[in-house]
K.L.:
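The following block contains the structure, expressed as structure tokens.
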2 protein chains.
Amino acid sequence: MASTETVDRVTSTDRIFEELYARIVGLDLLPGTKISETDVAKSFGYSRQPVREAFTRLANLNLLLIRPQRATIVRPFSRDLIANARFVRAAIELEVVRNAAQSRDVAVDADLKSSLRAQQDAIAAEDTKAFHDLDYDFHRLLCLSARRPFAFDLIATNKAQVDRLCVLSLTSTEAMETLYADHKALVQALQEEDAGVAELVLRQHLNRLDPIIDAIYTTHRTYFDE
Amino acid sequence: MASTETVDRVTSTDRIFEELYARIVGLDLLPGTKISETDVAKSFGYSRQPVREAFTRLANLNLLLIRPQRATIVRPFSRDLIANARFVRAAIELEVVRNAAQSRDVAVDADLKSSLRAQQDAIAAEDTKAFHDLDYDFHRLLCLSARRPFAFDLIATNKAQVDRLCVLSLTSTEAMETLYADHKALVQALQEEDAGVAELVLRQHLNRLDPIIDAIYTTHRTYFDE
DNA sequence: TCTTGTTGACTAGTATGCAAGTTTTCGTGT
DNA sequence: ACACGAAAACTTGCATACTAGTCAACAAGA
């Protein structure tokens with residue numbers, strides 16, 4: 001989770017963390033699921049120790065809930081935590097686009113444009129998975145454009161909280177087109193160095209999650225902790 | 001570091017973490033200092049295990065640098081990391097005051113006012129330590145006022161990176177008065193629900209660190225990793 | 001004197017066993 | 001049948017031993 005700048009060396013802990021992270025965010029492991037250090041250790045063929053360290057990392061990301069002497073569970077959704085994650089992501093990304101609008105790294109412009117084209121292709125192919133990946137990359141490029149690459153780590157962390165929820169909601173073609181339009185408008189605002197418009201577009205973009213999250217809350221309340 | 005909402009139970013890891021955290025941020029442990037799991041374990045009377053877990057927590061906060069099979073050191077200052085921490089803190093806190101200006105929890109107003117008065121007292125007494133604590137509390141109150149208490153966790157985390165640096169710079173009475181004036185102007189802007197002014201005041205407030213950090217960089221370059 | 005190779009004292013990563021506390025199960029008494 | 005209590009089967013927290021890799025000191029050679 002971007003704590004060390006160099007790759008150094010991949011440890012058992014890293015492998016276990018990556019695997020569990022993907023399974024939790026991909027809802028392969030549902031919220032509330034009990035998950036035992038011993039069991040995971042057996043299934044991976046490692047001892048409890050690296051599993052334990054992977055668990056603490058995941059708990060730091062609010063993906064696991066570890067309680068002394070009690071079973072560790074995949075953290076249920078929490079409207080508070082989701083609101084917090086969205087707040088943080090919005091705060092960071094808004095400052096990113098404000099910075100980008102004022103002093104942009106034009107070397108990234110080509111990548112942004114090419115990302116937009118690829119997004120169009122994904123929409124034409126109705127490939128929601130590809131579009132999701134491109135969306136991830138687009139927001140990463142925004143941070144690069146503002147010369148704040150590190151900022152994307154925080155955005156990604158908080159995005160994961162919400163993404164885990166949104167797996168429950170199928171993305172329609174119209175939704176993708178809306179998001180694409182936002183992206184396009186955002187790039188244009190940045191090129192025109194109009195921080196005000198960029199901020200407005202981004203706020204609207206991020207707020208599009210509101211109805212989706214509300215809908216999931218009503219249909220999947222069992223996965224929430226409230 | 002606000003990963004679990006309930007207090008649950010204080011573990012050995014918690015105690016070691018708290019102690020080391022205070023010593024690192026207070027510069028009792030200087031940047032670059034080698035710090036061994038075994039030695040710390042001995043001095044605390046625990047085994048390596050809880051020390052190890054405390055270390056990983058501190059590494060997550062960018063206060064320690066852990067490298068496989070190499071000595072763990074107190075993380076040297078890094079202008080990049082400091083810039084990052086300041087960026088994140090600014091982004092969060094700006095969004096906090098914008099929210100506060102639009103819909104404020106008036107129940108916190110009394111606390112803000114009383115904090116301002118206490119700050120005046122600390123200045124009169126030339127008590128920099130007390131003022132620093134009050135400053136910490138003031139910014140916490142701002143988050144409460146915006147109904148975003150959790151946001152302060154992130155602010156505090158990133159503030160710590162910078163605070164660790166600023167211990168090297170003695171706070172003068174004039175500096176305190178400037179900061180106090182900022183605080184006062186900020187509260188007034190919030191009461192007038194003027195988000196624009198509040199944002200400007202806060203940006204200026206946070207930017208007052210610029211010359212201080214530059215000065216420390218020139219005078220204490222040995223503590224930096226560049 | 002300077003360079004280089006070897007050796008030994010470090011380091012963190014991992015495995016495993018025990019302790020302390022929680023949850024579940026199941027049998028007993030009403 | 002139901003309530004209750006004891007015990008067994010879990011859980012994580014912590015201690016300790018071992019492994020593999022890094023670094024520093026020092027001796028031998030140029």
Side-chain angles (χ1 to χ4, degrees), chain A residues 1 3-21 24 29-76 225, chain B residues 1 3-21 24 29-76 225:
Chain A
M1 223 54 239
S3 63
T4 56
E5 64 272 336
T6 56
V7 176
D8 274 337
R9 206 159 57 96
V10 177
T11 66
S12 319
T13 303
D14 294 329
R15 278 188 285 269
I16 298 168
F17 172 83
E18 297 290 345
E19 171 78 14
L20 290 181
Y21 182 89
I24 293 172
L29 288 169
L30 289 171
T33 308
K34 282 203 282 192
I35 178 172
S36 144
E37 292 181 1
T38 312
D39 292 347
V40 174
K42 278 182 196 158
S43 76
F44 274 91
Y46 293 115
S47 77
R48 265 185 59 212
Q49 190 60 33
V51 175
R52 184 175 171 72
E53 301 193 4
F55 272 30
T56 61
R57 283 197 213 171
L58 292 164
N60 282 338
L61 299 178
N62 281 330
L63 293 177
L64 285 187
L65 186 57
I66 303 178
R67 298 162 297 179
Q69 273 75 44
R70 298 174 65 179
T72 294
I73 60 172
V74 177
R75 185 139 203 159
D225 64 0
Chain B
M1 223 55 239
S3 64
T4 57
E5 64 273 337
T6 56
V7 176
D8 275 336
R9 205 158 56 96
V10 177
T11 66
S12 319
T13 303
D14 294 329
R15 277 189 287 269
I16 297 168
F17 172 83
E18 296 292 343
E19 172 77 17
L20 291 179
Y21 181 89
I24 293 173
L29 288 169
L30 289 171
T33 308
K34 281 205 282 190
I35 178 171
S36 144
E37 291 180 0
T38 313
D39 293 347
V40 174
K42 278 181 198 158
S43 75
F44 274 91
Y46 292 116
S47 76
R48 262 186 63 210
Q49 192 60 32
V51 175
R52 183 173 172 72
E53 300 190 5
F55 272 30
T56 61
R57 282 196 214 173
L58 292 164
N60 282 338
L61 300 179
N62 281 329
L63 293 177
L64 286 187
L65 185 58
I66 303 178
R67 299 161 297 179
Q69 271 75 44
R70 298 173 64 180
T72 293
I73 60 172
V74 178
R75 186 140 202 157
D225 64 0

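The chains referred to below are lettered A, B, ... by the order of the sequence lines, with proteins before strands, and numbering in each begins at 1.
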K.L.:
Using atom CD1 of B:Ile73 as one end and atom C1' of C:dC10 as the other, report the distance to the nearest whole Å.
P.N.:
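Checked: the CD1 to C1' distance equals 16 Å.
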K.L.:
Between B:Leu65 and B:Thr72, is there a side-chain heavy-atom distance shorter than 4.5 Å?
P.N.:
no
K.L.:
If I take atom CG from residue A:Leu61 and atom CD1 from residue A:Ile24, how far apart are they, to the nearest 0.5 angstrom?
P.N.:
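Separation between the atoms: 9.0 Å.
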K.L.:
Rounding to an integer number of Å, can you tell me how far B:Leu65 CG sits from C:dT11 P?
P.N.:
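Checked: the CG to P distance equals 16 Å.
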K.L.:
Grab the CG-P distance between B:Asp39 and C:dA9 for me, whole Å please.
P.N.:
16 Å
K.L.:
Compare side-chain N and O positions of A:Thr72 against OP1 and OP2 of D:dT11 and report whether any pair is under 4.0 Å apart.
P.N.:
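For A:Thr72, the contact criterion (side-chain N or O under 4.0 Å from OP1 or OP2 of D:dT11) is not met.
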K.L.:
Which residues satisfy the side chain to side chain contact (heavy atoms under 4.5 Å, CB included) test with B:Glu19, sequence neighbours excluded?
P.N.:
B:Arg23, B:Phe44
K.L.:
Choosing from C:dT11, C:dA12, D:dT11, which nucleotide comes nearest the side chain of B:Ile66?
P.N.:
C:dA12
K.L.:
Please work out which residues in residues 41-56 of chain B have a non-hydrogen atom less than 4.0 Å from an atom of DNA chain C and list them by number.
P.N.:
B:Arg48, B:Arg52
K.L.:
Measuring from B:Leu58:CG to B:Phe17:CZ, what's the distance to the nearest 0.5 Å?
P.N.:
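Output value for this atom pair is 5.0 Å.
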K.L.:
So, using salt bridge (Lys or Arg N to Asp or Glu O under 4.0 Å) as the criterion, who are the partners of B:Arg48 when residues are at least two apart?
P.N.:
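Applying salt bridge (Lys or Arg N to Asp or Glu O under 4.0 Å) to B:Arg48 gives B:Glu37.
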K.L.:
With B:Val51, which of B:Thr13, B:Asp39, B:Ile16, B:Ile35 fulfils side-chain contact (heavy atoms from CB on, under 4.5 Å)?
P.N.:
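Exactly one pass, corresponding to B:Ile16.
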K.L.:
Are OP1 or OP2 of C:dG13 and a side-chain N or O of A:Thr13 less than 4.0 angstrom apart?
P.N.:
no
K.L.:
Looking only at non-hydrogen atoms, find the nearest pair between B:Ile66 and B:Ala59 and report the distance.
P.N.:
CD1-CB, 3.8 Å
K.L.:
Among all residues two or more places apart in sequence or in another chain, which pass the side chain to side chain contact (heavy atoms under 4.5 Å, CB included) test with B:Lys42?
P.N.:
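Partners of B:Lys42 by the side chain to side chain contact (heavy atoms under 4.5 Å, CB included) criterion, ordered by chain and then number, come out as B:Thr38.
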K.L.:
Work out how much the helix from C:dT1-D:dA30 to C:dT30-D:dA1 bends between its end axes, five pairs an end, to the nearest 10 degrees.
P.N.:
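Computed angle between terminal axes is 10°.
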K.L.:
Could you tell me whether the phosphate oxygens of C:dG13, OP1 or OP2, come under 4.0 Å of any side-chain nitrogen or oxygen in A:Ser12?
P.N.:
no
K.L.:
Please tabulate, one pair per line, each protein N/O and nucleotide N/O from nucleotides 6-8 of chain C that are separated by under 3.5 Å, including the distance.
P.N.:
none

K.L.:
Under 4.0 Å between any heavy atoms, over every strand shown, what does A:Ile35 touch: base, sugar-phosphate, or nothing? Just pick one.
P.N.:
sugar-phosphate
K.L.:
How many angstroms lie between CZ in A:Arg52 and CD in B:Glu53, if you round to the nearest 0.5 Å?
P.N.:
4.5 Å
K.L.:
If you compare all heavy atoms of B:Arg75 against all heavy atoms of B:Pro31, which two are closest, and at what distance to 0.1 Å?
P.N.:
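Closest approach of B:Arg75 to B:Pro31, heavy atoms only: O-CB, 3.7 Å.
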K.L.:
Who pairs with A:Asp225 by side chain to side chain contact (heavy atoms under 4.5 Å, CB included), at least two apart in sequence or on another chain?
P.N.:
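Applying side chain to side chain contact (heavy atoms under 4.5 Å, CB included) to A:Asp225 gives A:Pro76, A:Ser78.
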K.L.:
Below the 4.0 Å mark, does C:dG13 have OP1 or OP2 next to a side-chain nitrogen or oxygen of A:Thr11?
P.N.:
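A:Thr11 to C:dG13 OP1/OP2: no side-chain N or O under 4.0 Å.
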K.L.:
Looking at residues at least two apart in the chain, or sitting in another chain, which of them share a salt bridge (Lys or Arg N to Asp or Glu O under 4.0 Å) with A:Asp14?
P.N.:
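With neighbours one apart ignored, the set is A:Arg57.
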K.L.:
Which pair of non-hydrogen atoms, one from A:Val40 and one from A:Leu20, has the smallest distance, and what is that distance?
P.N.:
CG1-CD1, 4.3 Å
K.L.:
Would you please test B:Val74 and B:Leu63 for side chain to side chain contact (heavy atoms under 4.5 Å, CB included) and show each step?
P.N.:
CA-CA 6 Å; B:Val74 178; B:Leu63 293 177; over 6 Å; no
K.L.:
In whole Å, I'd like the distance from the CD atom of A:Glu37 to the P atom of D:dA9.
P.N.:
21 Å
K.L.:
Using the 3.5 Å cut-off, write out each protein N or O paired with an N or O of nucleotides 23-25 of chain D and the distance between them.
P.N.:
from, atom 1, to, atom 2, distance (Å)
D:dC23, OP1, B:Arg70, NE, 2.6
D:dC23, OP1, B:Arg70, NH2, 3.0

